[in-house]
Structures are given as C-alpha cells and as structure tokens.
Q: 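Below is a structure I'd like to ask you about.
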Amino acid sequence: MASRLKKILITAGPTREMLDPVRFLSNLSTGEMGYAIAKEAVSRGYQVSLVSGPTDLQPPRGVKFYFVTSAVQMLKTCKKLFPRHEGLIMTAAVCDFMPVSSMPHKIPSGKGLTLKLQRTPDILATLAKRKGPRVVIGFCLETRDLLRRAKEKLAKKGLDGIVANFYDPKRCIPFGKRRVEVHLIDAKGGVQKFQDRSKTQIAKELLRWMKGLR
C-alpha cells in the first residue's frame, strides 16, 4: 500500500490548552520537524496537508495549511482530513493535559491557584484505529528508556512506525533548528539510528523509510 502513497497528512508544532484568555499549558515544540517533512514531501511530489499548532514558522509552499490551537481542535481537523490521505505523520507535540474548565476572563494574579486538569484526546491512537491500509507514523520524546518506551507506544497505539527522540536539557536538545539524533522503529522491531543530522536530512530519511512500511 505504501507504494501508492500520494497524499500525506502531517501534524506539527505544539498545542496550547488555555487556562484563561492569556495563559495556557504547552510544551517546547517549535514545529521545525513537521514543517521540514512537509516541505520535503511537497518537493517529492506528494500532496500534503499540514495541520499545525502555534509556531513562528511560515507554511511551506504547496501545502494545504490548517491552523489549530488546542488538542481538541487538532483532533477535529485531523478526523475530517484523515480519510482523504494515504499516510499520516504525527510530529505534533500535543499537550497531554488541559484544564477541566477555562476561565472567560484573566485570572487575577494576586492569589494562589489550584488547577484541575484532564487528559487531552489521544489523537494518534484515535486515528490509528481507523487507518485501514493507511501508513501511520508517530513521534515520541523521552527522557529515559527511549527504545523500550518508544516500542511500547508503537504497539499500544497500533502504528506502522515511530520516530524516537531523546531529550536531556544538559546534552541532547531536539527542539528548534538543532541537529538531532533519532531512531526510526518499525512495527516488526527494526531500528534505524541517525546521528547528528539536520531536520531536512531526517525528513528525507523518514519519507524513504515510510514507503517501505506497509
């Protein structure tokens, strides 16, 4: 099925889960990896839909671009787009938690605050359950037990492949334009490791790898 890949859905960037009109929960994702993959995919002739959370990046030329803010918005958009594509690359760093309720006005700063949080929807697992012949690739970032945790997520979510990134704020930071080290892990347990590569180089390797996953 992968040889017939023509249309790819890519998610990128962080989500923001609003506490009030000006404050939010989020993470360190910059969107660089997803945008690099989208740009490379377009250059190879793929039709690309890019669903992105808030970033400072300009969408690559040639993509169909969809801006979202929250995990719920990203899920709604991806559920609508997914049936029209043969592949999904989920690079987005979806915030794991969101407030049970968001305040309509700015929360006064003079008092302490107790937050009640709930899990955001698992977009990747939700879409993977509906994949059929589609190729679905996830991303994960871990601070320990990288390969074990990545393989567990791959199996649990029913993915065809997962891209594993290690994060250590003192020596290994994968965010932004930095060169990175990643592991491409397929559903059969095969692992390919790439060290000291730009995100454009990783994008090339990932798209090549993706074609052989199904």
Side-chain angles (χ1 to χ4, degrees), residues 1-14 29-53 55 57-66 74 77-78 81-94 123-124 127-128 130-141 146-147 150-151 153-154 157-166 174-214:
M1 293 295 180
S3 62
R4 299 210 303 251
L5 270 172
K6 296 184 182 301
K7 298 179 181 179
I8 302 177
L9 174 61
I10 300 171
T11 68
S29 174
T30 63
E32 290 281 353
M33 187 74 258
Y35 280 59
I37 296 170
K39 182 178 179 179
E40 181 63 26
V42 169
S43 75
R44 294 182 178 217
Y46 292 102
Q47 297 177 46
V48 177
S49 296
L50 176 61
V51 180
S52 177
T55 76
L57 304 175
Q58 291 295 317
R61 288 186 179 182
V63 308
K64 292 183 178 179
F65 184 72
Y66 302 84
M74 184 172 283
T77 301
C78 287
L81 295 173
F82 189 51
R84 309 176 198 171
H85 297 77
E86 290 99 34
L88 167 68
I89 304 174
M90 185 87 185
T91 78
V94 179
I123 300 171
L124 184 55
L127 297 179
R130 310 176 183 190
K131 71 179 183 178
R134 298 174 186 83
V135 179
V136 176
I137 296 174
F139 272 62
C140 73
L141 178 100
L146 177 64
L147 294 182
K151 290 178 180 180
K153 289 184 178 181
L154 184 153
K157 296 178 189 286
L159 310 179
D160 298 296
I162 194 165
V163 182
N165 293 272
F166 182 71
F175 307 112
K177 295 184 179 296
R178 295 176 176 87
R179 297 176 74 83
V180 294
E181 173 183 308
V182 304
H183 295 78
L184 308 183
I185 307 170
D186 62 46
K188 296 179 180 178
V191 180
Q192 298 182 41
K193 181 179 179 180
F194 297 94
Q195 294 179 284
D196 192 29
R197 304 292 178 92
S198 70
K199 291 185 175 176
T200 296
Q201 290 172 323
I202 295 299
K204 295 177 186 292
E205 296 291 351
L206 187 151
L207 289 168
R208 173 196 56 76
W209 174 67
M210 184 178 188
K211 290 177 67 175
L213 287 182
R214 294 292 294 276

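Each residue takes its place number in the sequence, starting with 1.
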Q: What's the spacing between L206 CG and K199 NZ if we round to 0.5 Å?
A: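 With rounding to 0.5 Å, CG (L206) is 13.0 Å from NZ (K199).
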
Q: According to side-chain hydrogen bond (donor to acceptor under 3.5 Å, both in side chains), who are the partners of S52, at least two apart in sequence or on a separate chain?
A: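 By the side-chain hydrogen bond (donor to acceptor under 3.5 Å, both in side chains) rule, S52 matches Y35.
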
Q: Could you grab the distance from atom CG of L184 to atom CH2 of W209, nearest 0.5 Å is fine?
A: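 Output value for this atom pair is 5.0 Å.
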
Q: Looking only at heavy atoms, what is the nearest atom pair of A12 and T91, with distance?
A: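 Scanning both residues, the minimum pair turns out to be CA-OG1, 3.4 Å.
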
Q: Where do T55 and P14 come nearest, in terms of heavy atoms and distance?
A: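 Closest approach of T55 to P14: CG2-CD, 4.2 Å.
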
Q: List for me each residue that meets side-chain contact (heavy atoms from CB on, under 4.5 Å) alongside V42, sequence neighbours excluded, and say none if there are none.
A: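 V42 satisfies side-chain contact (heavy atoms from CB on, under 4.5 Å) with V48, V63 once adjacent residues are dropped.
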
Q: Could you report the tightest heavy-atom contact between V182 and V180, atom names first, then the distance?
A: CG1-CG2, 4.1 Å

Q: Just to verify, what does R197 make a salt bridge (Lys or Arg N to Asp or Glu O under 4.0 Å) with, not counting sequence neighbours?
A: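 Residues passing salt bridge (Lys or Arg N to Asp or Glu O under 4.0 Å) with R197: E205.
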
Q: K39: which residues meet the side-chain contact (heavy atoms from CB on, under 4.5 Å) condition with it, sequence neighbours left out?
A: P60

Q: For a 4.5 angstrom cut-off between non-hydrogen side-chain atoms, does L207 reach I89?
A: yes

Q: Sequence neighbours excluded, which residues qualify as salt bridge (Lys or Arg N to Asp or Glu O under 4.0 Å) partners of D186?
A: none

Q: Once salt bridge (Lys or Arg N to Asp or Glu O under 4.0 Å) is applied, do any residues pair with K131, and if so which ones, sequence neighbours excluded?
A: D160

Q: Keeping R134 on the side-chain end and P83 on the backbone end, is there a donor-acceptor pair under 3.5 Å?
A: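 Checked: pair present.
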
Q: From I37 CD1 over to I202 CD1, what is the distance, rounded to the nearest 0.5 angstrom?
A: 9.0 Å

Q: Report the distance from atom CD1 of I8 to atom CG of L50, rounding to the nearest 0.5 Å.
A: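 Rounded to the nearest 0.5 Å, the CD1-CG separation comes out at 12.0 Å.
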
Q: How would you list, by chain and number, every residue that makes a side-chain hydrogen bond (donor to acceptor under 3.5 Å, both in side chains) with K151, sequence neighbours excluded?
A: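 K151: no side-chain hydrogen bond (donor to acceptor under 3.5 Å, both in side chains) contacts found.
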
Q: If the condition is side-chain contact (heavy atoms from CB on, under 4.5 Å), which residues does Q58 pass it with, not counting sequence neighbours?
A: none

Q: Once salt bridge (Lys or Arg N to Asp or Glu O under 4.0 Å) is applied, do any residues pair with K204, and if so which ones, sequence neighbours excluded?
A: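 Scan of K204 (salt bridge (Lys or Arg N to Asp or Glu O under 4.0 Å), adjacent residues dropped) gives E40.
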
Q: Among residues at least two apart in sequence or on other chains, which ones pass side-chain contact (heavy atoms from CB on, under 4.5 Å) with A150?
A: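 A150 satisfies side-chain contact (heavy atoms from CB on, under 4.5 Å) with C140, I162, A164, I185 only.
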
Q: Output the distance between atom NZ (K193) and atom CG (L147), rounded to the nearest 0.5 Å.
A: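 If we round to the nearest 0.5 Å, K193:NZ and L147:CG are 8.5 Å apart.
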
Q: Give the C-alpha distance, both sets of side-chain angles, the deciding distance and a yes or no for side-chain contact (heavy atoms from CB on, under 4.5 Å) between L88 and L124.
A: CA-CA 9 Å; L88 167 68; L124 184 55; 4.2 Å; yes

Q: Start with the C-alpha distance between I10 and Y46, add both sets of side-chain angles, then the distance that settles side-chain contact (heavy atoms from CB on, under 4.5 Å), and finish with yes or no.
A: CA-CA 12 Å; I10 300 171; Y46 292 102; over 6 Å; no

Q: What are the two closest heavy atoms between D196 and R179, and how far apart are they?
A: O-NH2, 2.6 Å

Q: Between atom CD1 of I123 and atom OG1 of T11, what is the distance when rounded to the nearest 0.5 Å?
A: 7.0 Å

Q: Run the side-chain hydrogen bond (donor to acceptor under 3.5 Å, both in side chains) test against H183 and tell me which residues pass, sequence neighbours left out.
A: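 Scan of H183 (side-chain hydrogen bond (donor to acceptor under 3.5 Å, both in side chains), adjacent residues dropped) gives none.
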
Q: For A128 versus V136, what's the shortest heavy-atom pair and its separation?
A: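 Of all heavy-atom pairs spanning A128 and V136, the closest is CB-CG1, 4.4 Å.
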
Q: Do the non-hydrogen side-chain atoms of Q201 and F194 ever get within less than 4.5 Å of each other?
A: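 Of all side-chain heavy-atom pairs linking F194 with Q201, none is under 4.5 Å.
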
Q: Which heavy atom in L127 sits nearest to a heavy atom in C78, and how many Å separate them?
A: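 For L127 versus C78, the nearest heavy atoms are CD1-CB, 3.7 Å.
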
Q: By side-chain hydrogen bond (donor to acceptor under 3.5 Å, both in side chains), which residues pair with K7, not counting sequence neighbours?
A: none

Q: Please lay out, stage by stage, how E86 and K6 fare under the test side-chain contact (heavy atoms from CB on, under 4.5 Å).
A: CA-CA 7 Å; E86 290 99 34; K6 296 184 182 301; 3.6 Å; yes

